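Letters go in sequence order (proteins before strands), and every chain restarts at 1. Bear in mind that the values here come from a model prediction, so they are computed numbers and not experimental data.
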There are 2 protein chains.
Amino acid sequence: MPSQNGRSFSTRRYSCDNCPLRPLPAFREFEKEELVFVNTVKKGELAVDKGATVLVEGSRSAHLYTVLSGWAFRYKLLSDGRRQIMNYSMPGDLIGLQGSLMGEMQHSVEALSPMLLCVFDREVLPELYRGHPGLAYDITWIASREERMLDENLLSIGRRTALERAAYLIAFISSRAKTVGLNGRTPLQIPITQQHVADTLGLSLVHTNKTIRKLMDRGLIHWRDGGCEVIDSEGLKELARWEGLNEDRRPLI
Amino acid sequence: MPSQNGRSFSTRRYSCDNCPLRPLPAFREFEKEELVFVNTVKKGELAVDKGATVLVEGSRSAHLYTVLSGWAFRYKLLSDGRRQIMNYSMPGDLIGLQGSLMGEMQHSVEALSPMLLCVFDREVLPELYRGHPGLAYDITWIASREERMLDENLLSIGRRTALERAAYLIAFISSRAKTVGLNGRTPLQIPITQQHVADTLGLSLVHTNKTIRKLMDRGLIHWRDGGCEVIDSEGLKELARWEGLNEDRRPLI
DNA sequence: CGCAAAGTTGACAGGACTCAAACGAGGTGG
DNA sequence: CCACCTCGTTTGAGTCCTGTCAACTTTGCG
């Protein structure tokens with residue numbers, strides 16, 4: 001099992017037939033034929049360490065990934081180092097689709113925890129589009145879902161106050177996590193630092209800290225063991241004036 | 001020609017064979033067969049007035065549009081009326097794809113100028129995916145392009161200063177406009193108000209006005225006749241530390 | 001001519017940033 | 001086992017950026 005840069009590639013441990021994610025109610029049923037195809041083109045699995053870079057801006061990755069387990073975040077940098085986190089990736093999410101379609105990666109992805117990724121060659125996309133229109137549709141749907149999340153984040157950063165933003169972000173992440181079974185223990189622990197929150201909300205670290213403290217003082221969250229725990233998810237949503245995810249079952253490639 | 005709410009539907013004036021956009025160097029060549037299909041499923045044309053609402057959040061539109069001419073913007077509202085503009089639409093852009101894929105619209109679209117739209121039934125998508133994998137790929141590509149633009153806007157709002165944001169926004173819009181031949185006259189006139197800029201950048205109207213004034217004082221733009229003119233597009237990019245669009249030719253559905 | 005919409009300006013308040021320092025927990029080496 | 005380092009979090013002080021309020025100007029239009 002070769003290992004470098006916190007990444008180690010292995011051949012398959014999971015067949016798509018016994019995928020641990022697919023049974024979750026968040027994902028739609030697949031046709032037998034679709035499952036066979038996905039299983040065929042799955043190339044292997046990639047384990048990445050916490051803190052490792054999965055994809056880097058400017059590169060041309062030959063691969064496309066689906067998160068099997070673990071958390072990651074997607075970000076861009078300005079030339080002077082200012083960082084903006086665009087979104088988070090969790091089990092069932094596709095990583096690297098933009099790069100696969102458009103050539104060069106326009107953002108980087110870094111692991112927030114140890115992760116296990118399903119690996120696909122980007123080259124399979126044309127074949128998938130030719131032979132499996134249902135899956136092709138699913139991929140567009142997934143891209144569209146990401147766009148919808150970005151719209152929400154943009155609304156948040158642009159028009160919510162610091163306190164509302166923080167409440168929205170934490171409610172958003174924890175809602176998504178719940179749909180993919182990351183709520184093993186209660187309350188759910190989100191493996192991010194306050195610096196991540198700051199870089200997502202467009203705030204400074206110091207001000208983010210003071211804002212998070214207000215959420216704690218209101219009894220909405222806890223912050224401990226280097227992560228965030230949600231106490232009152234409804235309270236967060238109310239504070240942020242956020243309606244919730246409102247998602248149907250989605251495809252899992 | 002029925003007309004209501006600033007919208008009037010007409011049967012086709014343009015066949016896809018003599019589409020005024022397709023010859024532009026920004027768009028890739030289409031296969032004869034693809035062109036025939038698009039021409040077949042094009043249902044008609046819709047003219048909308050400046051200020052009219054093309055699509056509204058929460059609705060389920062039966063249609064999908066391609067902008068033939070004119071400008072629009074895409075936005076979301078918070079419950080108390082705060083508005084965030086996500087992006088702008090110009091000739092060649094698809095409007096309503098998100099709603100077509102996911103059911104309900106999650107944002108609204110309003111015309112910034114008189115527009116002419118090509119109309120498609122959302123129902124054609126499954127057929128398109130089944131019979132025309134190349135076009136299906138194109139649609140995913142277009143969704144991915146939108147995502148890339150949103151990433152850039154998010155980076156801007158989150159991490160650029162007010163002055164940099166304004167410079168970026170205007171440079172971004174004018175770059176896009178140039179690629180679709182909206183630079184008939186020089187300098188190009190962007191038909192937006194300062195309120196639009198404010199709602200895009202996440203700033204107040206008053207502060208936006210003062211920021212725009214700084215750009216004018218630096219000789220980078222003019223603001224007149226209810227719109228923005230770019231004087232020094234390189235200067236804007238430099239101020240915003242923005243690399244430019246860097247786009248290949250793209251599909252036009 | 002008068003109204004409405006868009007743009008401009010000044011004063012002031014408050015939110016957010018920077019600087020700087022300290023604290024706590026976990027890991028490592030002596 | 002303790003000293004020491006690092007990383008993440010916390011706090012306070014002062015400054016500046018941005019928002020709000022309010023009034024005024026300009027432009028376009030009926």
Side-chain angles (χ1 to χ4, degrees), chain A residues 49-52 73 78 80-85 110-113 156-167 169-170 189-217 221-229 239, chain B residues 6 49-52 73 78 80-85 110-114 156-167 169-170 189-217 221-229 239:
Chain A
D49 296 341
K50 170 176 172 170
F73 65 96
L78 285 176
D80 62 358
R82 281 175 282 179
R83 180 175 77 172
Q84 176 64 39
I85 296 179
E110 182 178 322
L112 281 168
S113 71
S156 201
I157 297 191
R159 287 308 183 199
R160 279 192 247 251
T161 66
L163 191 65
E164 291 170 341
R165 275 184 235 184
L169 175 65
I170 295 170
Q189 169 112 17
I190 305 172
I192 53 177
T193 67
Q194 297 188 1
Q195 184 68 64
H196 291 120
V197 176
D199 287 345
T200 311
L201 303 184
L203 298 171
S204 72
L205 175 59
V206 171
H207 196 249
T208 298
N209 177 274
K210 287 166 182 167
T211 303
I212 285 175
R213 176 136 299 283
K214 285 182 190 165
L215 292 181
M216 292 171 67
D217 291 345
I221 62 170
H222 267 325
W223 201 279
R224 67 169 183 222
D225 300 335
C228 174
E229 290 175 3
L239 176 54
Chain B
D49 296 340
K50 170 176 174 172
F73 65 97
L78 286 176
D80 62 358
R82 282 174 282 179
R83 180 175 76 171
Q84 176 65 39
I85 295 179
E110 181 179 322
L112 281 167
S113 71
S156 202
I157 297 190
R159 286 308 184 200
R160 279 192 248 251
T161 66
L163 191 64
E164 290 169 342
R165 275 184 233 183
L169 176 65
I170 295 171
Q189 168 112 15
I190 305 171
I192 53 177
T193 68
Q194 297 188 359
Q195 184 68 63
H196 292 120
V197 177
D199 287 346
T200 311
L201 302 184
L203 299 171
S204 71
L205 177 58
V206 172
H207 196 248
T208 298
N209 177 274
K210 287 166 183 168
T211 303
I212 285 175
R213 177 136 300 281
K214 284 182 192 165
L215 292 180
M216 291 171 69
D217 291 345
I221 63 169
H222 267 326
W223 202 278
R224 66 169 184 223
D225 299 337
C228 173
E229 291 175 3
L239 175 55

For this session: Would you check, one step at a time, whether the test salt bridge (Lys or Arg N to Asp or Glu O under 4.0 Å) holds for B:Glu164 with A:Arg82?
Result: CA-CA 13 Å; B:Glu164 290 169 342; A:Arg82 281 175 282 179; 3.0 Å; yes

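- Side-chain contact annotation: B:Thr193 with B:His196, donor-acceptor N/O pair under 3.5 Å present.
- The closest side-chain heavy-atom distance from A:Ile85 to A:Leu201 is not below 4.5 Å.
- Per the geometry, CD1 belonging to A:Ile221 stands 11 Å off P belonging to D:dT9, to the nearest Å.
- Distances shown here put every side-chain N or O of A:Arg224 at or beyond 4.0 Å from the OP1 or OP2 atom of C:dA25.
- Atom CD in A:Gln195 sits roughly 11 Å away from atom P in C:dT18 (whole-Å rounding).
- As a whole-Å value, the separation of A:Arg165 CZ from C:dG15 P is 13 Å.
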Is there any protein nitrogen or oxygen under 3.5 Å from a nitrogen or oxygen in nucleotides 19-25 of chain D, and what are the pairs?
residue, atom, partner, partner atom, Å
D:dG19, OP1, B:Ser204, N, 3.3
D:dG19, OP2, B:Ser204, N, 3.0
D:dG19, OP2, B:Ser204, OG, 3.1

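- Between the C1' atom of D:dT26 and the CH2 atom of B:Trp223 lies a distance of 16 Å, rounded to the nearest Å.
- Taking NE2 from A:His222 and CE from A:Met216, the interatomic distance works out to 7.0 Å, rounded to the nearest 0.5 Å.
- Whole-Å rounding puts the B:Asp225 CG to C:dG7 C1' distance at 13 Å.
- Atom CG of A:Leu163 and atom C1' of C:dG15 are 12 Å apart (whole Å).
- Within the structure, a side-chain polar atom (N or O) of A:Asn209 is placed less than 4.0 Å from OP1 or OP2 of D:dT10.
- Partner of A:Gln194 under the side-chain hydrogen bond (donor to acceptor under 3.5 Å, both in side chains) criterion, out of A:Thr208, A:Thr211, A:Asn209: A:Asn209 alone.
- Residue B:Gln194 has a polar side-chain atom (N or O) positioned under 4.0 Å from OP1 or OP2 of C:dT8.
- Note: B:Leu239 CG to B:Leu215 CG = 6.5 Å, rounded to the nearest 0.5 Å.
- Listed pair B:Arg213 / C:dG7 fails the phosphate criterion, with no side-chain N or O lying under 4.0 Å from OP1 or OP2.
- As rounded to whole Å, 11 Å separates atom C1' of D:dG8 from atom CD1 of A:Ile212.
- Taking atom CD of A:Glu229 as the reference point, atom P of D:dT9 lies 13 Å away to the nearest angstrom.
- In this structure, CD1 in A:Ile157 is found 7.5 Å from OG1 in A:Thr200, a value given to the nearest 0.5 Å.
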